[in-house]
Amino acid sequence: MKRDLHASGVRRGGRWMAAVVALLLALVALPARAAAPAEGVEAADSLAADAAVCFLNMPADVLDVLPVSSRFKMVTYWEADSVYHAPNAMEGTSWLREVTPDFLDVQITDVSRMQIRLLPLRGKKEKIVMTVYTVGSDTHSPDSDIRFFSAEMKELPRDRYFKEPRLKDFFSLPKDSPLSMKEIEEKIPFPTVEYSASAADTSLTGRLTVGTYMNEDDYKEVKPYEKSGIAWDWDGKRFRLRK
């Protein structure tokens with residue numbers, strides 16, 4: 001179990017020194033990265049092979065509340081088997097929840113978090129990077145934004161890799177349903193969706209999060225037909241909705 005730390009003092013683990021040396025090499029150009037994040041890593045292969053390095057090189061407009069220096073300290077402590085709560089620009093703290101070579105989950109504020117997932121490209125050596133940025137909580141309708149980046153952390157067109165689900169994808173209506181899909185769409189004109197990447201594989205899940213802000217009576221009508229969630233599978237080129 002990792003220790004929770006809010007101050008200095010790192011316990012050295014078996015992988016700690018090698019990991020820190022590798023990360024220091026990736027951060028040699030730290031001042032330049034602050035101005036131009038995509039140019040911070042000399043070798044794209046090293047970036048695309050490690051979610052922690054992607055976290056360090058994430059463009060400022062994606063992770064503007066958390067300076068690179070704070071991210072570096074968070075990763076360093078994690079490799080030392082500790083969880084460091086780093087101060088952020090929102091006058092709160094941020095911390096890492098889970099890190100693997102292909103996946104990283106960071107709590108940015110009390111009501112926002114980001115997941116980083118590396119996705120292998122079919123027939124190619126390199127990987128692309130997906131981020132899932134979620135704002136909200138169980139009581140405040142979490143809503144997610146999905147973005148994709150190249151190994152050099154340059155943003156890629158989202159539609160190339162992921163097609164936004166339709167509202168009807170989240171519902172299963174029997175033939176004798178008293179509600180039509182059109183009526184449900186009228187009751188939910190602005191749906192919110194929470195997406196989640198997986199640490200175990202390249203799948204993606206999504207669930208509708210409209211229950212906390214909908215009219216209570218309207219939600220009671222649609223709830224019986226709402227799916228608990230839907231999923232997508234990565235085929236090496238794009239996400240395909242699972243049937």
Side-chain angles (χ1 to χ4, degrees), residues 19 22-79 84 86-109 111-121 124-136 142-162 164 194-197 199 202 204 234 238-239:
L23 291 170
L24 282 171
L25 290 174
L27 286 172
V28 167
L30 181 59
R33 181 181 296 112
E39 301 174 358
V41 172
E42 295 180 3
D45 287 347
S46 64
L47 172 62
D50 195 307
V53 180
C54 294
F55 174 60
L56 296 173
N57 285 272
M58 195 59 58
D61 66 323
V62 179
L63 207 52
D64 56 351
V65 303
L66 197 56
V68 178
S69 57
S70 295
R71 299 179 220 169
F72 176 66
K73 186 174 288 188
M74 292 162 70
V75 172
T76 302
Y77 275 55
W78 182 276
E79 291 294 339
Y84 177 70
N88 58 48
M90 303 300 290
E91 300 183 352
T93 60
S94 307
W95 65 94
L96 293 172
R97 300 164 58 102
E98 186 172 2
V99 182
T100 73
D102 288 328
F103 178 84
L104 183 144
D105 190 348
V106 55
Q107 190 75 36
I108 301 171
T109 68
V111 294
S112 64
R113 62 189 290 192
M114 185 175 73
Q115 296 175 317
I116 297 173
R117 177 68 196 174
L118 273 61
L119 301 167
L121 292 172
K124 298 183 180 180
K125 293 183 179 180
E126 70 265 27
K127 299 178 181 180
I128 62 169
V129 182
M130 176 180 70
T131 62
V132 182
Y133 197 112
T134 302
V135 177
D143 195 24
S144 302
D145 177 59
I146 296 177
R147 299 171 74 173
F148 295 91
F149 299 85
S150 67
E152 298 81 14
M153 300 312 295
K154 294 180 180 178
E155 189 162 5
L156 302 169
R158 177 169 47 199
D159 290 347
R160 183 188 300 172
Y161 305 102
F162 178 71
E164 294 280 353
E194 180 181 23
Y195 296 104
S196 296
T202 55
L204 180 70
W234 176 254
R238 62 183 293 110
F239 279 104

Residues M130 and L119: closest non-hydrogen pair is CB-CD1, 3.9 Å
side-chain contact (heavy atoms from CB on, under 4.5 Å) against E98, all qualifying residues, sequence neighbours excluded: T100, F103, D105, A199
Rounded to the nearest 0.5 Å, the CG atom of L104 sits from the CE atom of M114 at a distance of 7.0 Å
Residues in side-chain contact (heavy atoms from CB on, under 4.5 Å) with R160, at least two apart? L156, P157
Mind running side chain to side chain contact (heavy atoms under 4.5 Å, CB included) on L204 and F162 for me, showing each step along the way? CA-CA 10 Å; L204 180 70; F162 178 71; 3.7 Å; yes
I need the minimum non-hydrogen distance between P87 and L66, along with the two atoms involved. O-CD1, 4.1 Å
When you measure from the side chain of W234 to the backbone of P120, do you find a donor-acceptor pair of N or O atoms at a distance under 3.5 Å? yes
Nearest 0.5 Å please: distance from the OG atom of S196 over to the CZ atom of R117. 13.0 Å
Output all residues satisfying side-chain contact (heavy atoms from CB on, under 4.5 Å) with P67, sequence neighbours left out; order by chain, then residue number. S69, S70
Assess the residue pair M153 and V129 against the criterion (side chain to side chain contact (heavy atoms under 4.5 Å, CB included)); give the C-alpha distance rounded to whole Å, side-chain angles, the decisive distance to 0.1 Å, and a yes or no. CA-CA 8 Å; M153 300 312 295; V129 182; 4.2 Å; yes
Below 6.0 angstrom between ring centroids: does that apply to Y195 and F239? no
List the steps, then state whether side chain to side chain contact (heavy atoms under 4.5 Å, CB included) holds for R158 with D145. CA-CA 10 Å; R158 177 169 47 199; D145 177 59; 2.9 Å; yes
Can you name the closest pair of heavy atoms from P101 and L118 and give their distance? O-CD2, 4.1 Å
Atom CZ in F149, atom CE in M58: separation rounded to 0.5 Å? 6.0 Å
Give me the atom names and distance for the closest heavy-atom approach of L56 to V75. CD2-CG2, 4.2 Å
Tell me, please, which residues at least two apart from S112 pass side-chain contact (heavy atoms from CB on, under 4.5 Å). I108, T109, Y133, V135
Here the salt bridge (charged side-chain N to carboxylate O under 4.0 Å, His left out) pairs for residues 64-76, sequence neighbours left out, are none
One should read off an interatomic distance between L96 CG and Y77 OH, to the nearest 0.5 angstrom, of 13.0 Å
Enter the distance from I116:CD1 to D102:CG here, rounded to the nearest 0.5 Å. 12.0 Å
Nearest 0.5 Å, please: how far is CG in L63 from OG1 in T131? 9.5 Å
Is E164 atom CD crowded by more than 12 heavy atoms from other residues, nucleotides or ligands, each under 6.0 Å away? yes
By ring pair (Phe, Tyr, Trp, His ring centres under 6.0 Å), which residues pair with F148, not counting sequence neighbours? Y161
